[in-house]
There are 2 protein chains.
Amino acid sequence: MTARPNAALTVDLVVLTVRADELQVLLVRRGIPPFEGAWALPGGFVGAEETLLAAAGRELEEETGFGPEQVHVEQVGTYGDPGRDPRGRVVTVVHLALLPDPGVPRAGTDAAEADWRPVRGVESGAVPLAFDHARLLADALERARAKLEYSPLATAFCPPEFTVADLRRVYETVWGVPLDPRNFHRKVTAAPGFVEATGRTRTERGRPAQLFRRGDARVLHPPLVRERPAAGGDGG
Amino acid sequence: MTARPNAALTVDLVVLTVRADELQVLLVRRGIPPFEGAWALPGGFVGAEETLLAAAGRELEEETGFGPEQVHVEQVGTYGDPGRDPRGRVVTVVHLALLPDPGVPRAGTDAAEADWRPVRGVESGAVPLAFDHARLLADALERARAKLEYSPLATAFCPPEFTVADLRRVYETVWGVPLDPRNFHRKVTAAPGFVEATGRTRTERGRPAQLFRRGDARVLHPPLVRERPAAGGDGG
DNA sequence: ACAAAAGTGTTTCAACTACACCCATGG
DNA sequence: CCATGGGTGTAGTTGAAACACTTTTGT
């Protein structure tokens with residue numbers, strides 16, 4: 001064992017969901033110093049025999065009750081500036097987690113409180129965050145928004161079975177732009193491996209919608225680009 | 001100081017360049033155990049008061065003589081599986097560095113030897129790497145290839161002043177496909193902020209080529225997609 | 001019948017590939 | 001002059017945005 005520890009290693013989580021037509025992030029109110037009482041991203045120290053992904057999955061389950069099998073989790077970056085944590089050299093590996101609307105979260109062990117907050121308010125600075133968590137959140141959000149275009153990531157916000165309209169609402173919420181339902185439908189069903197029909201349907205209002213589950217594609221060909229202000233008339 | 005160190009933190013570098021019409025990676029032959037005598041990515045432990053980027057820049061300078069001001073360096077991911085290093089819990093933050101053809105590298109302090117190796121041979125497994133470095137390299141390469149499409153990253157492989165043909169050769173080498181020089185020229189000069197004309201020219205054979213420097217764009221609109229087999233006749 | 005949402009067909013525009021062609025230099 | 005590479009013009013094709021229209025349900 002010639003490698004002596006020189007840093008305290010943690011994982012922090014940017015847990016996102018779409019609820020009430022808004023993109024929301026899971027925050028915890030810190031129950032212990034430093035930054036006692038402030039909102040922060042959930043996270044904690046990495047165990048001695050734990051992989052980084054396992055540590056992230058464990059924290060996720062502590063805060064939300066969702067296991068990592070049901071949730072998309074990926075690493076987004078590592079932050080280790082000396083001075084980012086007053087307790088010493090704390091290096092954190094930030095993970096992005098996406099899940100369908102889960103209802104109320106469970107509070108973690110060292111968190112007095114945990115709650116979903118609209119991303120808009122946090123991004124605007126109206127809800128200040130502890131440590132450098134505002135930056136971690138901003139970087140993770142940028143990653144999530146970009147990845148919607150070329151990966152089937154958006155399905156991670158949907159329950160196991162969902163309609164094309166459900167999926168469209170995810171894009172509209174995360175990007176903050178309206179999309180044409182008809183063109184969106186075509187793009188989604190045309191991209192191989194994006195979604196897979198179950199054969200079942202669901203009726204809420206109007207014509208019943210087909211139900212889909214996630215496909216096995218890891219990238220989208222062609223990507224789902226945001227519609228740009230282009231011309232184009234009507235025929236018919 | 002309530003946060004006790006629980007991991008040894010290192011940075012590893014995937015340093016890429018284009019030389020002799022090949023994508024090449026900087027490897028060091030390990031001079032000390034473990035894996036003594038094997039090829040590995042350059043890297044080392046992070047200093048107590050050093051940021052991760054600064055540590056990567058320091059290692060880069062030790063191995064290549066290039067300072068971080070002249071080189072593109074970005075973080076790509078962090079690897080911390082217990083057992084990835086026999087010396088104990090060693091967590092490494094991998095950085096990708098791109099530079100123009102530098103000539104011969106300087107060997108680092110704990111490296112008996114350092115050398116540029118064609119990526120092809122390393123990716124194919126012909127040159128085995130120490131630790132989990134084959135995986136770190138593969139992930140970094142995937143990142144680099146993808147980022148060429150939508151970012152001006154390719155200019156990092158070019159000297160401060162370069163021609164459009166220089167830039168095209170970078171793409172052709174990294175992607176391994178030939179590109180139409182005429183369409184490439186148009187795409188590059190049409191993307192705002194990609195390159196900036198210096199007004200000077202350089203003559204090697206044929207008509208003199210304009211010299212450009214890097215522009216200030218961080219993303220490319222539109223992206224430089226690989227040409228696909230499409231139809232299209234010739235007119236005129 | 002009417003409203004509402006799902007899903008299809010078609011027009012029109014924009015972007016891109018492929019290639020002819022012109023430009024500027026060295027030998 | 002010719003060879004070589006830089007750079008521009010343009011036709012045919014693909015793909016996507018816009019939107020009329022049809023389908024299938026609930027009330």
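Every chain is numbered from 1, with letters handed out A, B, ... down the list of sequences. Computation of the quantities below employed the complete heavy-atom set of this structure, encompassing side-chain atoms and omitting hydrogens, waters and symmetry-equivalent molecules.
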Would one find a side-chain N or O of [X] under 4.0 angstrom from OP1 or OP2 of [N]?
X: Gln210(A); N: dG7(C); result: yes
X: Arg205(A); N: dG26(D); result: no
X: Arg182(B); N: dG7(D); result: no
X: His185(A); N: dG7(C); result: yes
X: Lys187(B); N: dT17(C); result: yes

In this structure, how many angstroms lie between the [atom2] atom of [N] and the [atom1] atom of [X], rounded?
X: Arg168(A); N: dG7(C); atom1: CZ; atom2: P; value: 11 Å
X: Arg169(A); N: dA5(C); atom1: CZ; atom2: P; value: 8 Å
X: Asn183(A); N: dT10(C); atom1: CG; atom2: C1'; value: 12 Å
X: Leu179(A); N: dA17(D); atom1: CG; atom2: P; value: 10 Å
X: Asp180(B); N: dG7(D); atom1: CG; atom2: C1'; value: 12 Å
X: Phe184(A); N: dA5(C); atom1: CZ; atom2: P; value: 17 Å
X: Arg186(A); N: dG9(C); atom1: CZ; atom2: C1'; value: 8 Å

- So, the side chain of Arg168(B) versus the backbone of Pro178(B): is there a donor-acceptor pair under 3.5 Å, distance only?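 Judged by distance alone, no pair lies under 3.5 Å.
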Heavy atoms only: give me the nearest [X]-[Y] pair and the separation to one decimal.
X: Leu26(B); Y: Glu63(B); value: CD2-CB, 3.8 Å
X: Pro152(B); Y: Arg218(B); value: CD-O, 3.3 Å
X: Pro102(B); Y: Phe66(B); value: CB-CE1, 3.3 Å

- Message: Reading DNA chain C from 5' onward, which residue's closest nucleotide shows up sooner: Thr189(A) or Gly206(A)?
- Response: Gly206(A)
- Toward the 5' end of DNA chain C, by each residue's nearest nucleotide, Thr203(B) or Phe212(A):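 This one resolves to Phe212(A).
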- Item | Quiz item: Arg207(A) side-chain donor-acceptor pair to dA5(C) base, under 3.5 Å |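 Absent.
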- Query: How is Pro222(A) classified with respect to the nucleic acid when contacts are heavy atoms under 4.0 Å: base, sugar-phosphate, or nothing?
  - Reply: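 Result for Pro222(A) = sugar-phosphate.
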- State whether Trp39(B) and Arg117(B) meet the cation-pi test: NZ (Lys) or CZ (Arg) under 6.0 Å from the six-membered ring centroid, and within 45° of the perpendicular axis.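 Cation-pi check for Arg117(B) and Trp39(B): passes.
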